[in-house]
There are 2 protein chains.
Amino acid sequence: MRIFWIKGYEATSISDLTEVMGVGTTSLYAAFGSKDELYAEALRHYAANYENLVWGRFREATTVRDAVKAYLYDSAAAMTGSDCDLPRGCMATLGTVGSDGHAELAGLMRSTRAGAFDVLVSRLERAAEEGELPPALDIAKVGRFLQTVQSGMAIRARDGAETAELQSVAEIAMAGWDGFVSKAAD
Amino acid sequence: MRIFWIKGYEATSISDLTEVMGVGTTSLYAAFGSKDELYAEALRHYAANYENLVWGRFREATTVRDAVKAYLYDSAAAMTGSDCDLPRGCMATLGTVGSDGHAELAGLMRSTRAGAFDVLVSRLERAAEEGELPPALDIAKVGRFLQTVQSGMAIRARDGAETAELQSVAEIAMAGWDGFVSKAAD
DNA sequence: GACATTCTGCATCGATCGCTACATAAATGG
DNA sequence: CCATTTATGTAGCGATCGATGCAGAATGTC
């Protein structure tokens with residue numbers, strides 16, 4: 001999975017995979033069927049295993065602001081491998097799959113990314129219903145903003161950005177949150 | 001160039017290029033030497049021709065806030081092809097080149113991205129010197145934040161985001177700018 | 001018109017791509 | 001202990017990759 005994460009779909013060859021997995025091509029194809037399915041499986045494994053790094057504190061947070069802050073700060077940490085020795089960036093965000101003959105894979109990745117947005121939005125909606133956020137606040141806008149900042153973090157992480165830098169980004173993004181929320185409360 | 005822009009380096013084959021350029025492989029290699037050099041030329045052409053779409057109003061703006069705002073809003077517009085029928089996203093930001101045997105290309109792209117950051121920072125520094133920004137403001141942090149938001153826009157644009165969505169992102173990012181700047185002014 | 005030079009279309013190079021047939025090794029069941 | 005099934009390593013499939021050699025067309029010069 002890590003090699004897909006690092007090199008991406010197109011740039012990773014079956015030879016790379018068999019070498020790093022320590023199995024022959026026969027076993028690989030018996031287990032997964034095709035390169036596409038293997039990538040899909042790797043993506044699912046990625047989402048299942050590292051989801052908690054980004055969303056753990058988000059879910060446990062009591063206030064929506066703490067949740068959003070945790071989302072941004074923990075994304076900054078996870079993407080720069082400060083938790084453990086993980087590859088840089090986010091596999092779901094950066095893993096660009098040429099949509100030529102791989103429409104199915106491209107759709108899977110798109111829906112994976114969309115899932116993160118949905119999680120954000122449903123938390124924001126809950127906060128709005130509970131009166132924690134002003135009713136006038138445009139939830140979708142805020143959700144897209146957060147998603148966009150996090151996506152940008154992934155690119156910066158791939159370019160070698162350190163945790164501190166991305167956390168500074170999160171800090172300013174939270175200033176944007178505060179400003180936008182308080183403006184909607186007027 | 002557009003095909004490199006859309007499909008990326010790895011996913012674009014020489015056949016694709018000759019077909020869309022209407023020339024044979026011989027002419028292509030006589031003119032550019034290799035796929036790497038052709039991509040580098042395409043990237044330079046991209047930077048030279050579309051630089052103005054993003055940085056035009058930025059340069060002409062009188063206040064630093066207007067410049068930053070123009071940078072974000074015009075990026076949002078350019079990346080969603082609202083100016084003309086350009087491909088989605090930013091070629092320099094999204095064009096991921098597998099750094100296996102293409103270290104030179106990867107470096108070129110990295111420095112292209114770094115150039116945008118430098119432009120931002122130098123404008124911010126000028127504003128700080130002229131007293132338009134508080135001396136306590138961490139210029140690099142702000143520059144990284146703006147770069148990160150714009151990079152995130154590129155990913156959202158590739159995923160089909162419309163101009164209005166990205167401009168909403170820019171709006172909240174500007175709230176972040178205002179909040180962070182006014183905090184540093186205390 | 002004859003010649004030299006540049007350019008281009010076609011065929012093809014070796015390498016590698018994703019993938020599979022086949023033979024052998026390991027495991028399982030009686 | 002043998003027969004049958006399952007798993008793996010090897011060799012190689014057709015296709016395509018980036019890149020070239022070569023011969024003929026186009027162009028320029030006198």
Side-chain angles (χ1 to χ4, degrees), chain A residues 1-47 87 91-92 94-112 158, chain B residues 1-47 87 91-92 94-112 158:
Chain A
M1 180 202 62
R2 300 170 74 98
I3 186 165
F4 268 138
W5 189 347
I6 297 171
K7 303 183 64 172
Y9 179 82
E10 318 270 2
T12 302
S13 71
I14 299 291
S15 315
D16 294 333
L17 293 164
T18 56
E19 188 177 346
V20 85
M21 293 169 77
V23 299
T25 57
T26 309
S27 313
L28 192 152
Y29 276 91
F32 297 99
S34 72
K35 187 187 177 186
D36 279 32
E37 296 178 54
L38 174 54
Y39 188 89
E41 196 57 43
L43 184 63
R44 278 188 286 268
H45 182 266
Y46 166 82
M91 183 173 173
L94 299 176
T96 166
V97 172
S99 326
D100 302 326
H102 311 280
E104 201 166 333
L105 256 190
L108 173 62
M109 306 209 59
R110 204 175 294 250
S111 65
T112 302
R158 188 197 55 186
Chain B
M1 178 203 62
R2 300 170 73 99
I3 187 165
F4 268 140
W5 188 347
I6 297 170
K7 304 182 64 172
Y9 179 83
E10 318 271 1
T12 302
S13 70
I14 299 290
S15 315
D16 294 331
L17 293 165
T18 55
E19 187 177 346
V20 86
M21 293 170 76
V23 299
T25 57
T26 309
S27 313
L28 193 152
Y29 276 91
F32 298 99
S34 73
K35 188 187 177 185
D36 279 32
E37 296 178 55
L38 174 54
Y39 187 89
E41 197 57 42
L43 184 64
R44 277 189 286 267
H45 182 264
Y46 166 82
M91 183 174 174
L94 300 175
T96 164
V97 173
S99 329
D100 303 325
H102 311 280
E104 200 167 332
L105 256 191
L108 173 63
M109 306 210 57
R110 202 174 294 250
S111 65
T112 302
R158 189 196 55 186

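All chains are named by letter (A, B, ...) in the order of the sequence lines, taking the proteins before the strands, and each is independently numbered beginning at 1.
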Tell me which one of B:W5, B:Y39, B:F4 satisfies ring pair (Phe, Tyr, Trp, His ring centres under 6.0 Å) with B:Y46.
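The option that passes is B:W5.
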D:dT16, OP1 or OP2 - any side-chain N/O from B:S15 closer than 4.0 Å?
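False: B:S15 side-chain N/O out of range (4.0 Å or more) of D:dT16 OP1/OP2.
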Report yes if at least one side-chain N or O of B:S27 is closer than 4.0 Å to OP1 or OP2 of C:dC7; otherwise report no.
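Negative; the distance criterion is not met.
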Spacing of [X] atom [atom1] relative to [N] atom [atom2], expressed in whole Å:
{"X": "A:L17", "N": "C:dG18", "atom1": "CG", "atom2": "P", "result": "8 Å"}
{"X": "B:E10", "N": "C:dT16", "atom1": "CD", "atom2": "P", "result": "15 Å"}
{"X": "A:Y29", "N": "D:dA7", "atom1": "OH", "atom2": "C1'", "result": "17 Å"}

Ignoring hydrogens and geometry, is there a side-chain-to-backbone donor-acceptor pair from B:K35 to B:Y9 under 3.5 Å?
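Judged by distance alone, yes, a pair lies under 3.5 Å.
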Which heavy atom of [X] sits nearest to which heavy atom of [Y], and what is that distance?
{"X": "B:A92", "Y": "B:M109", "answer": "O-CE, 3.6 Å"}
{"X": "A:T18", "Y": "A:V23", "answer": "CB-O, 3.2 Å"}
{"X": "B:R158", "Y": "A:R110", "answer": "O-NH1, 4.4 Å"}

Give the residues of residues 34-44 of chain A touching DNA chain D, defined as any heavy atom closer than 4.0 Å, sorted by residue number.
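Contacting residues: none.
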Would you tabulate the pairs of protein nitrogen or oxygen atoms and nucleotide nitrogen or oxygen atoms of nucleotides 21-25 of chain D closer than 3.5 angstrom?
| residue | atom | partner | partner atom | Å |
| --- | --- | --- | --- | --- |
| D:dG21 | O6 | B:T26 | OG1 | 3.1 |

B:T12 near the nucleic acid: base, sugar-phosphate alone, or nothing, with a heavy-atom cut-off under 4.0 Å?
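Answer is sugar-phosphate: B:T12 comes under 4.0 Å of backbone atoms only.
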